[in-house]
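Worksheet: the structure to be examined is printed underneath.
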Amino acid sequence: MAEPMFALCGQVLNVFVQAGGVSKKTGEEYEARDKVQLLGELPLQDGQKRMELVTLTVDDARPFEAVKGKRVRVPVGFFASGKNVQFYIPKGSRLELAGGAA
């Protein structure tokens with residue numbers, strides 16, 4: 001994959017499986033999904049930083065489990081959903097180790 005325009009960098013804090021179930025809105029069933037939580041720094045306009053936790057759905061959590069506690073960089077896409085921004089990792093993307101502390 002070419003160098004992504006947007007990427008998230010952060011420390012892998014948690015890797016888990018979200019259980020499958022039935023959507024309360026649509027009544028449709030959904031399968032269990034692998035999830036990963038990254039903690040990263042969000043720079044503020046005044047030069048300070050805010051720590052931000054982002055939860056991402058991943059096809060396979062094993063590569064993230066192998067680097068739990070380390071900083072990684074993952075390509076992302078995103079879209080607005082109401083007042084929130086939803087991030088996703090494009091299919092076929094790979095994580096890479098990132099330098100520095102979280």
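Keep in mind the model is a prediction, meaning the values are calculated, not measured. Values below: every heavy atom of this structure, side chains too, minus hydrogens, waters and symmetry copies.
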Start with the C-alpha gap between M51 and L39, add the side-chain angles, then the distance that decides, and say whether side-chain contact (heavy atoms from CB on, under 4.5 Å) holds. CA-CA 7 Å; M51 301 306 289; L39 179 67; 3.9 Å; yes
With side-chain contact (heavy atoms from CB on, under 4.5 Å) as the test, would you mind laying out the steps for V76 and Y88 before giving the verdict? CA-CA 5 Å; V76 293; Y88 63 91; over 6 Å; no
Trace of the side-chain contact (heavy atoms from CB on, under 4.5 Å) decision for L53 with L38: CA-CA 6 Å; L53 183 66; L38 301 179; 6.0 Å; no
Evaluate the criterion side-chain contact (heavy atoms from CB on, under 4.5 Å) for residue pair F87 and F79; output intermediate values, then yes/no. CA-CA 7 Å; F87 293 96; F79 59 92; over 6 Å; no
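Taking the centre of each ring, F6 and F78 come in below the 6.0 Å mark.
A salt bridge links R50 to E52: one of the charged nitrogens lies within less than 4.0 Å of a carboxylate oxygen.
Of all non-hydrogen atoms in S93 and I89, the two that sit nearest each other are CB-CG2, 3.6 Å. Closest non-hydrogen pair, V36 versus V58, comes out as CG1-CG1, 3.6 Å. Across every non-hydrogen atom of G69 and Q11, the tightest pair is O-NE2, 3.1 Å. The shortest heavy-atom contact between V15 and A61 is CG1-CB, 3.4 Å. Annotation for G77 and P90: closest pair N-CD, 4.1 Å, computed over non-hydrogen atoms.
Side-chain heavy atoms closer than 4.5 Å link hydrophobic residues (I, L, V, M, F, W, Y) into clusters, and following such links, possibly through other members, connects M5 to V54.
The backbone N or O of S23 sits nowhere less than 3.5 Å from a side-chain atom of T26 that would complete a donor-acceptor pair. Within the 3.5 Å criterion, the main-chain N or O of S81 finds no donor-acceptor partner in the side chain of Q86.
Considering CG of L8 and CG of L95, their distance stands at 12.5 Å, rounded to 0.5 Å. From Q37, atom CD reaches atom CZ of F64 across 12.5 Å, with rounding to the nearest 0.5 Å. Here CZ of R73 is found 12.5 Å from CG of L97. Values are rounded to the nearest 0.5 Å.
Side-chain contact, T55 with K35: no donor N or O sits under 3.5 Å from an acceptor N or O.
More than 12 heavy atoms of other residues, nucleotides or ligands lie within 6.0 Å of NZ in K68, so this atom counts as buried by the packing criterion.
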